[in-house]
Amino acid sequence: MFEVAIKESFAAAHLIRNYPGDCARLHGHTWFVEVGIYGEELDDLGMLIDFSKLKQIVRSYLKKLDHQLINDLPEFREGELNPTAENLAFYLYHQINQVIKKEWPDKKIALGWVKVWESPTAWAIYRRGKNENISG
Ligand SMILES: Nc1nc2c(c(=O)[nH]1)N=C([C@H](O)[C@H](O)COP(=O)(O)OP(=O)(O)OP(=O)(O)O)CN2
Ligand SMILES: [Zn+2]
C-alpha cells in the first residue's frame, strides 16, 4: 500500500463553547492541516496522486476557513460542532472525501486521514473508519 500526505495552513480565530478555561474566550491560531491518501496503484508517472492536485483540493476548503471566526461558519455555530481541532479534522475529512470520491470514481485512491495542528505541540486526527473499505 502506498500513502502520500500534504500539509497546508490557514489562520483563523475560534472559541470553544463551554470550555472550563481560557479557550472559551476568542483567540486565534495558525492551523496546520495534513491530509493523507492511500492506495495500491500508481499512475503512469509513478504517483498515487499529484501533491499539487491534492493541495489544490485542500486549499479550496481551507480558503473558506482562512481569516474567519470559525464559530460563525454554519457547521460550527451554536448547536452544531464545537470548533475543536477534532471537529475541524472531522469536518475537513468529510468535505475532502466527497471530492476524492467524485474525482476518482474508479476507487484507486482513498482519503485515509486528516490531521489538524492547533499549535506546534497539539494535534487531532480523524481517520477513515476501520470498516470502511477503499470504495467506501
Ligand atoms: N482535545 C482538545 N483540547 C483542546 C483543544 C482542542 O481543540 N482539542 N483546544 C484548546 C484551545 O483551543 C487552545 O487554543 C489550545 O490548547 P493548548 O494547546 O492547551 O493551548 P496553549 O498553546 O496555550 O498550550 P501551552 O500550555 O502553552 O502549551 C484547548 N484544548
Ligand atoms: Zn484554540
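All of these numbers come straight from a predicted model, not from anything done at the bench. Whatever order the structure lists them in is the order used to number ligands and atoms, beginning at 1. One is the number of the first residue; the rest follow in order along the sequence. Values below: all heavy atoms of this structure, side chains included; hydrogens, waters and symmetry mates excluded.
Between Y91 and F76, the angle of the ring planes goes over 60°, which puts this pair in the perpendicular group of the 30/60° scheme.
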Chi angles and distances behind the side chain to side chain contact (heavy atoms under 4.5 Å, CB included) call for E34, W117: CA-CA 8 Å; E34 293 179 58; W117 292 82; 2.5 Å; yes
Evaluation steps, side chain to side chain contact (heavy atoms under 4.5 Å, CB included), between W113 and E3: CA-CA 11 Å; W113 49 268; E3 184 159 10; 2.5 Å; yes
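At a 4.0 Å heavy-atom cut-off, ligand 1 does not touch D22 at all. For C23, every heavy-atom contact with ligand 1 shorter than 4.0 Å involves the side chain, none the backbone.
Protein heavy atoms are absent from the 4.0 Å sphere centred on atom 17 (P) of ligand 1. For atom 6 (C) of ligand 1, the nearest protein heavy atom lies closer than 4.0 Å. Protein heavy atoms are absent from the 4.0 Å sphere centred on atom 25 (P) of ligand 1. For atom 1 (N) of ligand 1, the nearest protein heavy atom lies under 4.0 Å away.
The option with the heavy atom closest to atom 14 (O) of ligand 1, from among R25, E86, H29, H14, is H29.
In terms of protein heavy atoms, atom 12 (O) of ligand 1 is closest to E118 OE2, 2.4 Å. Of the protein's heavy atoms, T121 OG1, 4.2 Å lies nearest to atom 28 (O) of ligand 1.
When you scan the N, O or S atoms of H14 for the one nearest the Zn ion (ligand 2), you land on NE2. Considering just the N/O/S atoms of E118, the one nearest the Zn ion (ligand 2) carries the name OE2. Take the N/O/S atoms of H27: the one nearest the Zn ion (ligand 2) is NE2.
Residues W104 and I49 meet the side-chain proximity criterion, which asks for heavy atoms closer than 4.5 Å. The shortest side-chain heavy-atom distance between W31 and E118 falls under the 4.5 Å cut-off. The shortest side-chain heavy-atom distance between L88 and L81 does not fall under the 4.5 Å cut-off. Using a 4.5 Å heavy-atom threshold, the side chains of E75 and P83 count as separate. Considering only heavy atoms from C-beta on, E80 stays 4.5 Å or farther from L73 through its side chain.
Classification of D22 and R25 as a salt-bridged pair holds, one side-chain N sitting under 4.0 Å from a carboxylate O.
Every atom of ligand 1 is numbered from 1 in the order shown, and the set under 4.0 Å from a heavy atom of A85 is 6 (C), 7 (O). When each atom of ligand 1 is checked for a heavy atom of I16 under 4.0 Å away, the hits are 5 (C), 9 (N), 10 (C), 11 (C), 12 (O).
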